[in-house]
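Structure first, commentary second.
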There are 2 protein chains.
Amino acid sequence: MEEQFYTYQYPHPAITVDCIIFGFDGQSLKVMLIQRKSEPFAKMWALPGAFVDEAESLESCAERVLQKEGNISGVYLEQLFTFGLPSRDPRERVISVAYMGLVKTADFELIAGNDELQIEWRDISEIPDLAFDHSQILQTAIDRIRGKIRYQPIGFELMNAKFTIPQLQQLYEAILGKSLDRRNFRKKLLSMQILKQLSEKQQNVAHKAASYYEFDRERYEVLMKEGIYLELV
Amino acid sequence: MEEQFYTYQYPHPAITVDCIIFGFDGQSLKVMLIQRKSEPFAKMWALPGAFVDEAESLESCAERVLQKEGNISGVYLEQLFTFGLPSRDPRERVISVAYMGLVKTADFELIAGNDELQIEWRDISEIPDLAFDHSQILQTAIDRIRGKIRYQPIGFELMNAKFTIPQLQQLYEAILGKSLDRRNFRKKLLSMQILKQLSEKQQNVAHKAASYYEFDRERYEVLMKEGIYLELV
DNA sequence: TTTCAATGCGTAATTATGACACAAAGATTG
DNA sequence: CAATCTTTGTGTCATAATTACGCATTGAAA
């Protein structure tokens, strides 16, 4: 490989984007972790990430990571925080912009990349020590999504096209880490009229079939424009 | 000046911290703006900022900007967002981490620095076009502080030591840009028990003197630990 | 046709919110 | 020194939102 160098008059830190990709499998909340192949922190688990390319935006970089690790695109993705303590990477000064996303694990086909020994979905309740300051980054992400889900329809998008109310509740309970009253959850959700009921129902379930809904994005945008503050939980 | 160069194997963007310092003067909400001396965007107004030093954290950098522009320290300061579009600076790739803060304008003595023609508090309702993407950054900050103030005791800290409830309400109204009911504001605030009433009262006011309160930080921390969700407005 | 597990609807008690009346304090004014 | 004026501070009441449940319904499986 050809050696090339970039020279600046002042010191420039390196910039990475690290991704916290939460995955929902219908039951519990998981997060995508990779096992590092190389030093530093070889063999330790870490969040997937990449150095920011010269010409790409931060968000594009996060999308690139998603594409690389699971070949998917078009998911809810949001900037979480920028971590920049001078000592957070032993090699050189590296500032990391963290993005977080939420996907269905079933949509991913995890394939370990060149720098990775393994890649896995790990349950939120069983996270090992992570490389760099990634444990702290992950904790920040968990706090954020728990706060956010209370007043933003996170997860409605990820329930592609159609979902039942109990399925959505399962997601909420997985994220919040506590159970919610079935009847009140339904009542509140329906009262804000951001769901459209479909005629379709569940098939082949050993109990009363729940009916499918879809997210009424138009209606939601209207509410947002009016500055209406949803409290989903 | 001695010429020195820093060389890397991969391209490294430059990193700045830009600060949105909101100032409260007892009446309305203002923001600190500087007028640029040099190109690009010479003579245009912009947010104060600085390149991140090799050894300082992002937050330290924000504190350094505060120190430089107004010789103050120890204020509410929070990371807002990181702006990283490749084209946002015409010179080279510059990624900007924005921090926002809230201070009392009276605590500042604004002195234009070497690269600045002027430095001023500008009312939130009278903001000119700003250099770079700073208009967008400022708008993001306004949105954020308006959202945040609803459920976090922002401004309690800045009311140094003691303040009256009507003074606090004035701040809330300035930030939210609308008036609130005096009686309900008081009732709600007192009901959450994060204020300690002092024996002291206002002096030399041409009407009934309001009594001073202070923020009960201990009690607030307890509430946060319990996961209690305050809704201040 | 009975059982079982989960969906879906309703209701009552409690709590929170919003609108507003009125008393109290304290400087100012005639 | 009493009347006035402005702002603080307390209370009330109707309405809305939240919470905690009871119970009927559905549809596959036993």
Side-chain angles (χ1 to χ4, degrees), chain A residues 26-28 149-153 159 162-174 176 178-214 223 226-233, chain B residues 26-28 149-153 156 159 162-174 176-214 223 226-233:
Chain A
Q27 301 293 317
S28 68
I149 203 175
R150 300 196 47 177
Y151 54 92
Q152 277 189 23
M159 300 291 197
K162 60 179 188 180
F163 52 87
T164 71
I165 291 181
Q167 277 168 5
L168 190 64
Q169 183 177 347
Q170 186 77 33
L171 173 67
Y172 268 71
E173 293 183 344
L176 292 172
K178 66 177 181 187
S179 57
L180 305 168
D181 186 278
R182 239 167 15 88
R183 297 149 291 190
N184 294 335
F185 183 81
R186 168 186 305 273
K187 192 179 4 173
K188 192 148 187 184
L189 222 60
L190 291 177
S191 75
M192 48 188 64
Q193 307 202 265
I194 52 173
L195 294 184
K196 274 189 294 207
Q197 186 167 15
L198 306 176
S199 54
E200 201 179 347
K201 286 190 173 188
Q202 281 182 323
Q203 301 272 325
N204 299 317
V205 283
H207 51 75
K208 177 171 178 178
S211 70
Y212 283 110
Y213 290 81
E214 63 180 16
L223 290 178
E226 289 172 2
I228 305 241
Y229 199 77
L230 301 180
E231 269 230 342
L232 299 163
V233 192
Chain B
Q27 301 293 315
S28 67
I149 204 174
R150 297 195 49 178
Y151 55 91
Q152 277 189 22
F156 290 52
M159 300 292 196
K162 59 178 189 178
F163 52 88
T164 71
I165 291 181
Q167 278 168 4
L168 190 63
Q169 181 176 350
Q170 187 77 33
L171 173 67
Y172 269 70
E173 293 183 343
L176 292 172
K178 67 178 181 185
S179 57
L180 305 168
D181 186 278
R182 231 167 27 86
R183 297 149 294 190
N184 294 334
F185 182 80
R186 167 186 305 273
K187 190 179 8 171
K188 194 149 188 184
L189 221 61
L190 291 178
S191 76
M192 48 189 62
Q193 308 200 265
I194 52 173
L195 294 184
K196 274 189 295 208
Q197 186 167 13
L198 306 176
S199 53
E200 200 180 346
K201 286 190 174 187
Q202 281 182 323
Q203 301 272 328
N204 298 319
V205 284
H207 50 76
K208 178 171 179 177
S211 70
Y212 283 110
Y213 289 81
E214 63 179 16
L223 290 177
E226 289 171 2
I228 306 240
Y229 198 78
L230 302 180
E231 270 230 341
L232 299 164
V233 194

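Only heavy atoms go into these numbers, but all of them, side chains included; no hydrogens, no water, no symmetry mates. Residue numbers begin at 1 in each chain, while the letters A, B, ... track the order of the sequences.
- In this structure, A/K208 places its NZ atom 14 Å from P of C/dA6, rounding to the nearest Å.
- With C/dT7, C/dA24, C/dG18 as the choices, the nucleotide that has an atom nearest any side-chain atom of B/N184 turns out to be C/dG18.
- Rounded to an integer number of Å, the gap from CD of A/E231 to C1' of C/dA16 is 12 Å.
- Nucleic acid contact for A/K187: base, since at least one base atom lies under 4.0 Å from a heavy atom of the residue.
- Between the CZ atom of B/F185 and the P atom of C/dT17 there is a distance of 14 Å, rounded to whole Å.
- For A/R183, whose side chain is taken as the heavy atoms from C-beta onward, the closest listed nucleotide among C/dG26, D/dG9, D/dC23 is D/dC23.
- Checked by atom type and distance alone, the side chain of B/K188 pairs as donor or acceptor with a backbone atom of B/E231 at under 3.5 Å.
- Residues A/G26 and A/Q170 share a closest heavy-atom pair of O-CG, 2.9 Å.
- DNA chain C is contacted by both B/D181 and B/N204; B/D181 maps to the nucleotide lying nearer its 5′ end (nearest heavy atom per residue).
- Among the atoms of the strands shown, only primed sugar atoms or phosphate atoms (P, OP1, OP2) are found under 4.0 Å from some heavy atom of A/S211.
- Atom NE2 in A/H207 sits about 19 Å away from atom P in D/dT25, given to the nearest Å.
- Note on A/A206: a base of the nucleic acid sits closer than 4.0 angstrom, heavy atoms only.
- Between the C1' atom of C/dC9 and the CD atom of A/Q197 lies a distance of 13 Å, rounded to the nearest Å.
- Between the C1' atom of C/dA24 and the CD atom of B/Q202 lies a distance of 15 Å, rounded to the nearest Å.
- Whole-Å rounding puts the A/R182 CZ to D/dT25 P distance at 15 Å.
- B/Q167 places its CD atom 14 Å from the P atom of D/dT7, with the value rounded to the nearest Å.
- Checking side-chain atoms of B/Q169 against main-chain N and O of B/L180 turns up a donor-acceptor pair under 3.5 Å.
- Side-chain contact between B/Q202 and B/H207 is present, with heavy atoms from C-beta onward closer than 4.5 Å.
- The nearest pair of heavy atoms linking B/A174 to B/Q27 is CB-O, 3.7 Å.
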